[in-house]
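The block underneath contains the structure these notes are about, expressed in structure tokens.
What's counted below: heavy atoms across the whole structure, side chains too, no hydrogens, waters or symmetry copies. Here is how names work: the chains are called A, B, and so on, in the same order as the sequence lines, proteins then strands, and each is numbered from 1.
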2 protein chains.
Amino acid sequence: MIDELDGRLIELFTAEPRIGVLEASRRLKVARGTVQARLDRLARDGVIAGFGPEIDAAALGYAVTAFVTLQLRQAGGHDPVAARLAQVPEVIEAHTITGPGDMLCRIVARSNTDLQRVIDVIVDVAGVERASSVISLATQIPYRTLPLVRAASNRS
Amino acid sequence: MIDELDGRLIELFTAEPRIGVLEASRRLKVARGTVQARLDRLARDGVIAGFGPEIDAAALGYAVTAFVTLQLRQAGGHDPVAARLAQVPEVIEAHTITGPGDMLCRIVARSNTDLQRVIDVIVDVAGVERASSVISLATQIPYRTLPLVRAASNRS
DNA sequence: TGAAAAGCTGGACAATTTGTACAGTGGGCC
DNA sequence: GGCCCACTGTACAAATTGTCCAGCTTTTCA
């Protein structure tokens, strides 16, 4: 799927995103065209989804993160509910899941008080039967994919 | 915290990350120096955490995502467990949480069979008492922050 | 076994962008 | 009124990008 050079390339750009193709080729000691081709291929294959800016919700004032498990009314299915949840800015992510719950959402809020408001909004969404939430107290491992890249490109 | 121009800037770079400062200034109809200064400030304030490549775990072959709630042994605390979990590449994210569970992890695996293996690895981590997992069947709302940016920069 | 295909190298070129600086202008604040 | 700050518009050298090419090596496949 990806080889060792791809792995080094991704690691390099993760560590120093602004270096550019030329500098990357120097660091990796390969021709510029190679870096360019690899990058194009990784992007085409969807391995690299994009280079967008990573926004820190906390820095925007959304200091509280919580995970909400939703139980939905049987009728209507998941998609309409998801569409309505998508209207709520504080819903950062949503998955349908196995198990007793039907949906798991990641939400953010400005404070614990604000979290109450956000949860109320969610519970008010048509199709949502009940919601149970847990608050993230600390992020022990921030979202990461580098270990996967290393594993997939096999080198320790 | 961030104003309307910051919001437009972030949106633009999210939509087309590769355009560069000069093109961005043309699109936003402001001077290049302004874009540069804004970007610097946003990065300095931590609002923009970085411009690293976004890696798609699924494209790397990790097609299955699951959320695992861990109960920990009381003794020892969270941090040592988190440190050990960090050794497992498939643990993509981990939070300490309120409620009956102690920790919530996002994990990925190559298949449902592989998921079993990953969960076994996690349960084997010293300090982990038990783990209960739910599988993500579909991503209804992919991780996003743009609505927050819009909300924070207040414009619809 | 032999030939085609694919990937990498190293180099070249024009066009564009970046980094950086500076003077001028307008609004907000004390 | 006066100061500070952000933005504008401009300038210039240096660096990077996009694109192409010829030659070489390795892999693939009939």
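Taking atom CD of E4(B) as the reference point, atom P of dC7(D) lies 12 Å away to the nearest angstrom. Rounded to whole angstrom, the span from the CZ atom of R41(B) across to the P atom of dA6(D) amounts to 8 Å. Atom CG of L28(B) and atom C1' of dC7(D) are 14 Å apart (whole Å). At whole-Å resolution of the value, CG in L39(A) and C1' in dG18(D) are 14 Å apart. Across the protein-nucleic acid pair, D3(B) atom CG and dG28(C) atom P stand 14 Å apart, rounded to whole Å. Rounded to whole Å, atom C1' of dC8(C) lies 17 Å from atom NZ of K29(A).
Because its NZ or CZ atom is not both nearer than 6.0 Å to the ring centre of F67(A) and within 45° of the ring axis, R106(A) does not count as a cation-pi partner of that residue.
Ring-plane geometry between Y143(A) and Y143(B) is classed as parallel, the angle between the planes falling under 30 degrees on a 0 to 90 degree scale with a further cut at 60.
Distances shorter than 4.0 Å separate some side-chain N or O of T34(B) from OP1 or OP2 on dT8(D).
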Inset, instruction - Do nucleotides 10-17 of chain D as a string where each nucleotide becomes B, S or -: B if the base has a protein heavy atom under 4.0 Å, S if just the sugar-phosphate does, - if no protein is that close. - result: -B----SB
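Scanning both residues, A126(B) and R84(B), for their nearest heavy atoms gives O-NH2, 3.0 Å.
Among the heavy atoms of the strands lying under 4.0 Å from R38(B) are primed sugar atoms or P, OP1, OP2 only; no base atom is included.
Under the 3.5 Å distance criterion, the side-chain polar atoms of T96(A) are matched with a main-chain donor or acceptor of A138(B). Without hydrogens or angle criteria, E54(B) side chain to G52(A) main chain gives a donor-acceptor distance under 3.5 Å.
The pair D114(B)-R117(B) meets the salt-bridge criterion, with a side-chain N (NZ, NE, NH1 or NH2) lying under 4.0 Å from an Asp/Glu carboxylate O.
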